[in-house]
There are 2 protein chains.
Amino acid sequence: MARAATTSDAFNAVAEPRRRDILSYLALQERPVGDIVFTLGLEQPSVSKHLRVLRDVGLVNMRRDGRQKFYRTNAEAIRPLHEWTGEFERFWKHQLTRIKERAEETEEEKENA
Amino acid sequence: MARAATTSDAFNAVAEPRRRDILSYLALQERPVGDIVFTLGLEQPSVSKHLRVLRDVGLVNMRRDGRQKFYRTNAEAIRPLHEWTGEFERFWKHQLTRIKERAEETEEEKENA
DNA sequence: AGAATATATTCTCATATGGGAATATGTCAA
DNA sequence: TTGACATATTCCCATATGAGAATATATTCT
């Protein structure tokens, strides 16, 4: 088996830096593809391909208006990632405490030396 | 260019479901490789390879003790992902409000019909 | 030294990628 | 209908993947 498809879930889709840029850009308000191309300075086909991936995993919604298509980030789909990473919050808080403790121990050793 | 390496950053490393499983397992306390193999039911070489990726991006730390190697999740390295996804929190909260509003509008339409 | 244990690396392979270039599709206007 | 505009898809290619199998490395014990 090769690497999981980028379209297999939000984790894979979001691994691409440009897709993260697009999601950030489309979070505040919907935008037509051309705006994304212009603002992020990417090639149009590239943007279309990224949007396709994002749509497939539900990270963006699309609305057609004439010949334009307006995309917008579906923040709700990012929530699971936030929750998964949030599981580790208590650990990094503990780790900081431990690092601090270790630093204080080192200070004591210095004093004893 | 192909897809970015899994070792290029935490986002890419974490896209693999097994690596997420490993990170969760190693968050609470350090464990030797054999424990991961046994608990998660993966092949030993597979676990070693995943650990290699996780180490390369700083998501786990390693300590050797005799012939065993103890790995442990470095939660701090997950923090950037939590923070990036956290940027969208205000949007999904707004979205929920909007969905609620839309539902209420629909109720009104029903009443008017 | 030699054997057993714990972990890591190498190899092959099917598969997917993202970029670039070219082209296709869909929509509006004249 | 023809042309212009907006977006999407297809093709090619270099590159990386994860699994499996085999093998290598490192460490301890006898």
Side-chain angles (χ1 to χ4, degrees), chain A residues 1-23 25-26 29-73, chain B residues 1-23 25-26 29-73:
Chain A
M1 218 180 291
R3 215 201 297 200
T6 54
T7 51
S8 52
D9 58 35
F11 282 98
N12 279 280
V14 148
E16 237 296 321
R18 269 66 185 269
R19 283 197 285 268
R20 289 200 299 279
D21 294 342
I22 292 174
L23 287 173
Y25 181 59
L26 297 177
Q29 61 175 287
E30 61 172 16
R31 303 275 193 180
V33 178
D35 279 18
I36 308 172
V37 170
F38 178 76
T39 304
L40 303 186
L42 305 173
E43 296 296 323
Q44 177 268 312
S46 182
V47 170
S48 279
K49 283 185 251 180
H50 284 313
L51 287 171
R52 175 83 169 135
V53 173
L54 294 173
R55 270 192 70 187
D56 282 353
V57 296
L59 279 164
V60 297
N61 297 319
M62 189 264 277
R63 174 178 76 82
R64 161 166 250 146
D65 181 27
R67 41 190 151 177
Q68 301 193 94
K69 289 183 177 177
F70 288 80
Y71 285 86
R72 174 172 195 141
T73 296
Chain B
M1 220 180 291
R3 217 204 291 203
T6 54
T7 51
S8 51
D9 57 36
F11 282 98
N12 279 280
V14 148
E16 236 298 318
R18 271 65 185 267
R19 284 198 284 267
R20 289 200 298 279
D21 294 342
I22 292 174
L23 287 173
Y25 181 59
L26 297 177
Q29 62 174 289
E30 61 172 14
R31 305 274 194 180
V33 178
D35 279 17
I36 308 172
V37 171
F38 177 75
T39 304
L40 302 186
L42 305 173
E43 297 296 323
Q44 177 269 312
S46 182
V47 171
S48 279
K49 282 184 253 177
H50 284 314
L51 288 170
R52 176 85 170 132
V53 172
L54 293 172
R55 270 193 71 189
D56 283 354
V57 296
L59 278 164
V60 297
N61 297 319
M62 191 265 276
R63 176 178 75 81
R64 160 166 251 148
D65 181 26
R67 42 190 149 178
Q68 301 192 95
K69 290 183 176 177
F70 288 81
Y71 284 85
R72 175 174 193 138
T73 296

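Chain A is the first sequence line, chain B the second, and so forth, proteins listed ahead of strands; every chain is numbered from 1. The figures that follow rest on heavy atoms only: side chains count, while hydrogens, waters and symmetry mates do not. If you're wondering where the values come from, they're calculated on a predicted model, not measured in any experiment.
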[atom1] of [X] versus [atom2] of [N]: gap in Å, rounded?
X	N	atom1	atom2	answer
B:F70	C:dA8	CZ	P	12 Å
A:L51	D:dT7	CG	P	10 Å
A:Q68	C:dG26	CD	C1'	13 Å
A:L42	C:dG18	CG	C1'	12 Å
A:D56	C:dA16	CG	P	14 Å
A:H50	C:dG20	NE2	P	10 Å
A:R64	C:dG26	CZ	P	8 Å
A:R63	C:dT27	CZ	C1'	15 Å

A:L54 and side chain to side chain contact (heavy atoms under 4.5 Å, CB included): which partner among A:L23, A:T73, A:N61?
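Exactly one candidate clears the test, A:L23.
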[X] has a side chain; which of [options] sits nearest to it?
X	options	answer
A:S48	D:dA8, C:dT17, D:dC5	D:dA8
B:R52	C:dT9, D:dT7, D:dT9	C:dT9
A:R3	C:dA8, D:dT17, C:dG18	D:dT17
A:A5	D:dG18, C:dG18, C:dT17	C:dT17
A:R67	C:dA21, C:dA29, D:dT28	C:dA29
B:T6	D:dG20, D:dG18, C:dG18	D:dG18
A:K49	C:dA8, C:dG20, D:dG18	C:dG20
A:V33	D:dA4, D:dT7, C:dG18	D:dT7

Identified side chain to side chain donor-acceptor pair (under 3.5 Å) partner of B:E30 from the options B:R72, B:K69, B:R63:
B:R63
Tell me whether the side-chain N/O atoms of A:K69 come closer than 4.0 Å to OP1 or OP2 in D:dA8.
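Checking A:K69 against D:dA8: at least one side-chain N or O falls below 4.0 Å of OP1 or OP2.
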Between B:S46 and D:dA19, does any side-chain N or O lie under 4.0 Å from OP1 or OP2?
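Affirmative; the distance criterion is met.
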In terms of the nearest nucleotide of DNA chain C, which residue is placed more toward the 5' end: A:P45 or A:E16?
A:E16
How is [X] classified with respect to the nucleic acid when contacts are heavy atoms under 4.0 Å: base, sugar-phosphate, or nothing?
X	result
A:Q44	base
A:P32	sugar-phosphate
A:Y71	sugar-phosphate
B:R55	nothing

Student check: side-chain heavy atoms of B:E16 and B:T6 closer than 4.5 Å:
no
Of the non-hydrogen atoms in A:A13 and A:R19, which two are nearest, and what is the gap between them?
O-NE, 2.6 Å
Write down the atom of A:I36, the atom of A:I22, and the distance for their closest heavy-atom approach.
CG2-CG1, 4.0 Å
Please test B:V60 against B:H50 for side chain to side chain contact (heavy atoms under 4.5 Å, CB included), starting from the C-alpha separation and ending with a verdict.
CA-CA 11 Å; B:V60 297; B:H50 284 314; over 6 Å; no
